[in-house]
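A short write-up of the structure that comes next.
Convention: sequence-line order gives letters A, B, ...; per-chain numbering from 1.
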Amino acid sequence: IVTYNSLVHGLCCGGHWREGISLLYKMIWKGIKPDLVTYSSLLHCLCHLDHWSEAYLVLEKMMNEGIRPNIVTCTSLIQALCTLGHWEEVRSLFNIMIEVGIVPTVRTFTTVIDAFCKEGMVSEAEDMFDKMKKANVEPDVFTYNAMMEGYCLQKRMDEAREVFDSMAERDCSANKPNIVSYSILIHGYCRAKRVDKALDLFHEMQDKGMIPEVIVYTTLIDGFCHIDNVERALAIFNKMQADGVNPD
RNA sequence: UAAGCCGCC
């Protein structure tokens, strides 16, 4: 079953969802009962590929087999509803889930927080963040990154910076800012035309031993271009290659 | 064996 599940997941996530579904039927044919993992991973991949009606059929089939969704299944469903912008359904699924005793994890909260932030619904994200703390679920670096991006997208750089600093102060090293945290904040400063601040962070991350990826360089190049400083943009472009990072 | 974070286009 683990082998089949890996195959189903690999096929679907690679875009070959029809083959993934055929494999599901092949499993049944061979007398191997697809389990919660089989259905959940299929569901997740179909949602990512925007094949909503197929995803619905898979969910229905799973329920017909008497397999109840768990927190992983629900988180995938919540993410799908977020992508569709069905916020009321996101809330109701979240509440129903809790009523039936499925406990949200840090990933569940972060999925919703991230979606709210990307949609500009920062106060809703803040409410969810509070809710998470009340539920005694510890935010992690993904959660902080999501909040930071929410503030950045609203050009609320001071608040984004506060999140970043609060993250840096934590002694749990797993929750220290990572490359993505820097990238998000650098992007925020670039959008706010504070490329100086962005450059400070770019140097700071390297001082901390992080190796910037192509995304960070691209963000800075784009930032300099937007303030019509093509020379600085070119300088970054050259530095990127000198640092051994290939343009994409 | 399944769920959450970043750029340009």
### Query
Mind checking whether Ser181(A) and Asn178(A) have side chains closer than 4.5 Å, heavy atoms only?
yes
With the side chain defined as heavy atoms from C-beta on, Ile71(A) is closest, among rA2(B), rC5(B), rA3(B), to rA3(B)
_By the 4.0 Å heavy-atom rule, please label Thr38(A) as base, sugar-phosphate, or nothing._
nothing
Pick base, sugar-phosphate or nothing for Thr219(A), based on heavy-atom distances below 4.0 Å to the nucleic acid. sugar-phosphate
Closest of rG7(B), rA2(B), rC6(B) to the Val180(A) side chain is rC6(B)
- Report yes if the distance between the aromatic ring centroids of Phe164(A) and Tyr144(A) is under 6.0 Å, otherwise no. no
Salt bridge or not for Lys131(A) and Asp127(A), using N-O below 4.0 Å? no
Q: Please confirm whether Phe109(A) and Phe142(A) have ring centers closer than 6.0 angstrom.
A: no
| Looking for any heavy atom pair under 4.0 Å, which part of the strands does Ser181(A) touch: base, sugar-phosphate only, or nothing? | nothing
Quick note, Phe142(A) side chain, CB onward, closest among rA2(B), rC5(B), rC8(B) is rC5(B)
| request: Report yes if a side-chain nitrogen or oxygen of His226(A) is closer than 4.0 Å to either non-bridging phosphate oxygen (OP1 or OP2) of rC8(B); otherwise report no. | output: no
Among rG7(B), rC6(B), rG4(B), the one nearest any side-chain atom of Glu213(A) is rC6(B)
Among rC5(B), rU1(B), rG7(B), the one nearest any side-chain atom of Val2(A) is rU1(B)
Mark yes or no for a side-chain to base donor-acceptor pair under 3.5 Å between Thr110(A) and rG4(B), with no hydrogen or angle criteria applied.
yes
Taken to the nearest whole Å, CG/Asn70(A) to P/rG4(B) is 14 Å
(Q) What I want to check is whether an N or O donor and acceptor connect the side chain of Asn145(A) with the base of rG4(B) at under 3.5 Å. (A) no
Report task. Mind checking Ser183(A) for me? I need base, sugar-phosphate or nothing, with any heavy atom below 4.0 Å counting as a touch. Result -> base
Among the nucleotides rG4(B), rA2(B), rC8(B), whichever has the atom closest to the side chain of Asp114(A) is rG4(B)
Exercise for review: Return yes if the base of rA3(B) and the side-chain atoms of Thr105(A) contain a donor-acceptor N/O pair under 3.5 Å, otherwise no.
Suggested key: yes
| Has the side chain of Thr110(A) got a donor or acceptor atom that lies under 3.5 Å from a matching backbone atom of Arg107(A)? | no
Regarding the side chain of Ser76(A), the nearest nucleotide among rG7(B), rA3(B), rA2(B) is rA3(B)
Atom CE of Met240(A) and atom P of rC8(B) are separated, to the nearest Å, by 15 Å
Rounded to whole Å, CG of Asp140(A) lies from C1' of rC5(B) at a distance of 9 Å
